[in-house]
Amino acid sequence: MRECPSFQRTRALGRFQPLCVLALNLFVLTLAGTPARAQALSGIAGVELTADRFEVSEGGKVLIAQGNVRASKAQTEVQADNVVVWPEESEMYAEGNVLLKEKNVLSRAERLLYDWKDERALILNSELHWVRPDREINWHLKSPEVERRGPDVAEVRRARVTTCNFSSPHQHFSASKVVFRSQDSVVLHHALFHVHEIPIFYLPYYYRDLKYPWPWFRMGAGSSSQFGQFVQTDLGFEVYPGVDVFFDADYYSERGPAGGVDVEYESDRRIGYLETYFIRDDGEDFENVPLEQEDRYRLKFLHRELILDGDVEGSNAGRWTADMEYHQFSDRGIFQEYFEGEFVEDKEPENRVFVKGDWENTSLSVLGQTQVNQFFDQSQNQQRGSSQSPAQTEYLPRVSLDLLSQPLWDNRLLLTFGTEYSQVDRRFSELFPLAAVDSLSKNREIQRLDFQSELSAPFRAWWLHLEPFVFNRETFYDELLAEEEGSWRTVLGGGVRLSTEFWRTYGYRNERWSIDQLHHVITPEVTFLSGQEVTIDPNELVFFDEMDTEQELDRVNLNLRNLVQTRRGGTTINWAEFEVQSAYFPAENRDHAGKSWSNVETDLRWYPHPKYYFFNDNEIDTDPVEFDVVNIGGSYLPRPGVTLTLQQRYSRDDSNRTIVAAWVQLTEKWGLLYQQDYEWNDHELFDQRVVFRRSFHDWDVELGYDVDQGQDERVFYFFIGPRTGALMGPNRQRGSSRMFGRNADEYGGGVVSPQPVKESP
């Protein structure tokens with residue numbers, strides 16, 4: 001057949017007929033006006049063809065169909081207004097509202113040349129959609145010309161590729177050439193990433209496996225009084241199901257270029273996160289602290305593994321898990337300087353491996369823990385009053401076996417037993433001035449063997465639950481503080497636990513406050529503990545952890561818990577929770593520095609209405625009676641899209657801060673966050689933050705201003721990133737928060753809601 005010059009490129013597709021022949025045949029068909037028929041007349045093996053009208057020309061070598069044309073074979077279907085078919089060559093030309101369906105690929109075009117035998121095609125002015133029913137994200141492609149080279153391969157020139165199904169996508173790649181393997185991968189040549197029509201970054205070559213989602217991208221820029229002008233960019237990919245890789249590239253005009261590679265992974269049996277960050281720093285740290293070195297880095301690795309779960313070949317093998325945590329810092333300042341949010345809110349970094357197995361009422365655990373860096377050390381005097389002292393001690397290793405409440409004598413007695421072997425080590429930094437007692441314990445390595453047991457006899461007396469108990473602890477130290485030879489320490493004691501529970505259900509209902517009955521539970525608990533015969537004074541021991549603090553002690557612990565439950569939306573929730581606890585010391589001079597009572601601690605959580613949340617935590621000194629700590633506040637949701645929060649934090653002789661925040665959804669797409677932290681003792685606005693957010697189909701854009709008086713820091717920034725609901729800003733937080741938790745506040749999500757609970761008696 002003859003070829004029009006404009007279609008000479010179709011030689012690569014086979015012997016497609018020229019467009020000029022089609023135009024001639026359609027002209028003849030229009031004049032002929034043949035009667036309408038709807039029959040299968042394609043002449044191509046396996047292809048069914050239906051239309052309103054048909055015309056046969058050139059002695060049966062050409063078939064012309066008009067009106068609602070549909071051609072189908074197996075999983076392939078072509079729909080168009082007009083079609084010309086060459087049966088001998090198994091070829092077809094279609095135009096007018098062309099729709100091509102192939103497996104999970106849907107193509108819309110103006111014109112189509114299709115080879116049914118080899119499944120090759122030329123698709124003109126097309127929009128292709130790779131639809132994957134098992135994935136939330138699909139791929140969409142628009143191009144003036146798509147060349148299909150087989151059933152699953154397409155080559156595209158001057159294309160736009162996106163996962164946004166809008167006609168004007170919010171983000172897309174433009175590329176000079178795209179090669180799609182519809183069941184495998186996509187390759188982009190000279191690709192430029194756009195947000196709307198704004199170019200963001202360029203990739204000369206980009207390969208993407210279609211089994212994985214669209215890339216994750218975040219970018220921002222701003223100005224900081226501490227770091228100068230800065231740019232932050234994050235690019236993330238899922239490189240394997242459940243495995244994400246993030247590339248961080250930053251620049252600070254006062255510091256220099258910085259970057260890192262992060263990996264986050266998760267499956268049914270494991271979850272983990274690796275973070276790296278490096279900067280060639282030529283500035284100064286907070287408070288003008290000079291740098292210890294220019295090449296600075298941070299390495300962080302967290303991993304959790306489910307080793308074994310359940311029975312193995314009929315034996316009760318239990319559940320075994322392992323946690324690993326590793327940190328490394330180039331110097332003492334980089335953690336606080338570049339990871340301030342994590343430095344303030346997260347637990348102290350630890351290098352450790354912890355393996356634990358649980359079955360029935362028994363557990364076995366092994367802990368190996370070493371120093372992160374020497375500059376995380378504390379002096380021994382500081383450790384004695386520090387709740388974080390275990391983070392300062394090395395365990396090489398610590399092995400523990402515990403048995404919990406094993407019934408004896410027809411369940412009349414309960415035995416709790418634990419044993420532990422540990423090799424503990426302390427290595428202090430030379431930067432700390434150590435007191436005389438510390439100098440004796442510096443760089444000490446001691447082995448300990450500990451046995452502790454408790455025998456209790458629980459019983460009920462009317463409405464009371466009583467549990468008298470006796471306990472014994474035997475601990476061997478191979479060396480004491482004064483470098484004496486090892487010795488056994490014995491601790492003997494006993495006590496009684498008393499508890500009961502009262503409850504009552506009230507039939508009160510209030511639709512306005514979403515109350516459907518109130519179930520009130522009161523649980524008082526009293527524990528008397530007496531520890532006697534402590535054969536070694538704790539001041540004679542090298543202090544490593546709480547095991548070395550045992551001393552003679554008489555104490556009465558008092559605890560009262562109130563729980564009020566109601567039903568909302570067919571689910572039982574904790575409507576209010578209030579707990580108060582304290583301790584009484586009969587021998588106050590010996591046990592509690594002359595005070596008969598410890599601080600009274602109270603904890604209140606109240607959800608009076610789906611729009612309201614209230615909390616209050618207090619620590620009250622009893623001699624004299626005064627508040628040491630007060631933390632009070634709440635949230636209010638006056639209407640959807642508006643969240644107001646107020647919090648007062650008071651610590652006697654330390655700080656008195658008021659924190660207010662408001663998230664307002666101004667329109668469907670625009671939101672505003674305002675937050676401030678005022679310190680009343682210094683009459684100083686400690687922290688202030690204003691953020692405007694613009695939400696798109698799958699992107700969030702933020703414009704923010706932060707003032708941190710504590711660090712003398714002012715930051716103005718602009719960020720764009722995926723729509724996640726959490727405010728972005730310059731501080732990165734990704735995988736580690738899902739593993740070990742953080743207490744970062746997020747606004748815009750509404751009032752904190754109580755979690756559904758099981759029914760109480």
Those residues that, when tested against S176, pass side-chain contact (heavy atoms from CB on, under 4.5 Å) (two or more places apart): H189, H190

Minimum side-chain heavy-atom gap M92-W86 below 4.5 Å: no

Check against salt bridge (Lys or Arg N to Asp or Glu O under 4.0 Å), R149 and E155: CA-CA 7 Å; R149 294 183 171 180; E155 183 175 306; 2.5 Å; yes

Close side-chain approach of L274 and L299, heavy atoms under 4.5 Å: yes

Heavy atoms of other groups near Q75 CD, more than 12 under 6.0 Å: no

Side-chain donor-acceptor contact under 3.5 Å, E238 with Y265: no

From CD (Q79) to OG (S72), nearest 0.5 Å: 9.5 Å

Heavy atoms from other residues, nucleotides or ligands near NZ of K61 exceed 12 (cutoff 6.0 Å): no

Lys NZ or Arg CZ of R298 over F339 ring: under 6.0 Å, within 45°: yes

Interatomic distance, Y93 atom OH to I64 atom CD1 [nearest 0.5 angstrom]: 12.5 Å

Spacing of T76 atom OG1 and L100 atom CG [to the nearest 0.5 Å]: 7.0 Å

Validation row, ring centre F301 to ring centre Y326 under 6.0 Å: no

Side chain to side chain, V178 and V161, heavy atoms closer than 4.5 Å: yes

Residue pair R270, H303: steps toward the side chain to side chain contact (heavy atoms under 4.5 Å, CB included) verdict: CA-CA 7 Å; R270 63 189 56 87; H303 179 83; 3.9 Å; yes

Distance (rounded to the nearest 0.5 Å) between H172 NE2 and F193 CZ: 9.0 Å

Heavy-atom pair with the smallest gap, counting every atom of A159 and L141: CB-CG, 4.4 Å

Main-chain N/O of R160 paired with S174 side-chain donor or acceptor, under 3.5 Å: no

4.5 Å side-chain heavy-atom contact, R255 and Y338: yes

Any side-chain heavy-atom pair of L113 and E91 under 4.5 Å: no

F718, CZ: over 12 other non-hydrogen atoms inside 6.0 angstrom: yes

Polar side-chain atom of S143 near backbone of V146 as donor-acceptor pair, under 3.5 Å: no

Beyond-backbone contact of D244 with D262, side-chain heavy atoms, under 4.5 angstrom: no

Side chain to side chain contact (heavy atoms under 4.5 Å, CB included) between L122 and E145, intermediate numbers included: CA-CA 7 Å; L122 181 65; E145 180 181 309; 3.6 Å; yes

Interatomic spacing from CH2 in W320 to CG in D358 - rounded to 0.5 Å: 8.5 Å

Passing option when F227 is tested against F716, Y252, Y717 for ring pair (Phe, Tyr, Trp, His ring centres under 6.0 Å): Y252

Donor-acceptor contact present, side-chain S90 to main-chain I44, <3.5 Å: no

Nearest non-hydrogen partners of A154 and R148, listed with the distance: CB-CD, 3.6 Å

Donor-acceptor contact below 3.5 Å, side chain Q66 vs main chain D52: no

Non-hydrogen atoms of P257 and I279 that approach each other most closely: O-CG1, 3.4 Å

N/O donor-acceptor pair under 3.5 Å between Q232 side chain and P730 backbone: yes

L106 and L99, any side-chain heavy atoms less than 4.5 Å apart: yes

Nearest non-hydrogen partners of V642 and L637, listed with the distance: O-CD1, 2.5 Å

Salt bridge (Lys or Arg N to Asp or Glu O under 4.0 Å) evaluation trace for R693 with E702: CA-CA 4 Å; R693 168 181 283 180; E702 289 183 0; 2.8 Å; yes

Test: E95 and R111 ion pair at under 4.0 Å: no

Heavy atoms of other groups near D268 CG, more than 12 under 6.0 Å: no

Minimum-distance pair of heavy atoms, taken over all atoms of E89 and D115: O-OD1, 4.3 Å

Ring centre gap for F173 and Y206 strictly below 6.0 Å: yes

Aromatic centroids of F237 and W216 separated by under 6.0 Å: no

R304 versus Y273, side-chain donor and acceptor atoms under 3.5 Å: no

is_close_aromatic(Y277, Y297), centroid dist under 6.0 Å: no

Stepwise salt bridge (Lys or Arg N to Asp or Glu O under 4.0 Å) test for E77 and R70: CA-CA 7 Å; E77 180 178 308; R70 184 186 301 268; 2.5 Å; yes

Side chain proximity check, D250 to F230, heavy atoms < 4.5 angstrom: no

From CA spacing to verdict: salt bridge (Lys or Arg N to Asp or Glu O under 4.0 Å), E55, R53: CA-CA 7 Å; E55 174 73 15; R53 296 177 298 277; over 6 Å; no

Distance (rounded to the nearest 0.5 Å) between R694 CZ and K669 NZ: 4.5 Å

With K300, the salt bridge (Lys or Arg N to Asp or Glu O under 4.0 Å) member among E264, E342, E325: E342

Shortest non-hydrogen contact between G236 and F246, atoms and distance: CA-CD2, 3.7 Å

Main-chain N/O of Y114 paired to R120 side chain as donor or acceptor, under 3.5 Å: no

Residues forming a side-chain contact (heavy atoms from CB on, under 4.5 Å) with E110, sequence neighbours excluded: N125

Derivation of the side chain to side chain contact (heavy atoms under 4.5 Å, CB included) call for R319 and L306: CA-CA 8 Å; R319 178 182 177 88; L306 175 60; 3.7 Å; yes

Test log, rule side chain to side chain contact (heavy atoms under 4.5 Å, CB included), inputs V78 and L112: CA-CA 9 Å; V78 175; L112 168 69; 3.9 Å; yes

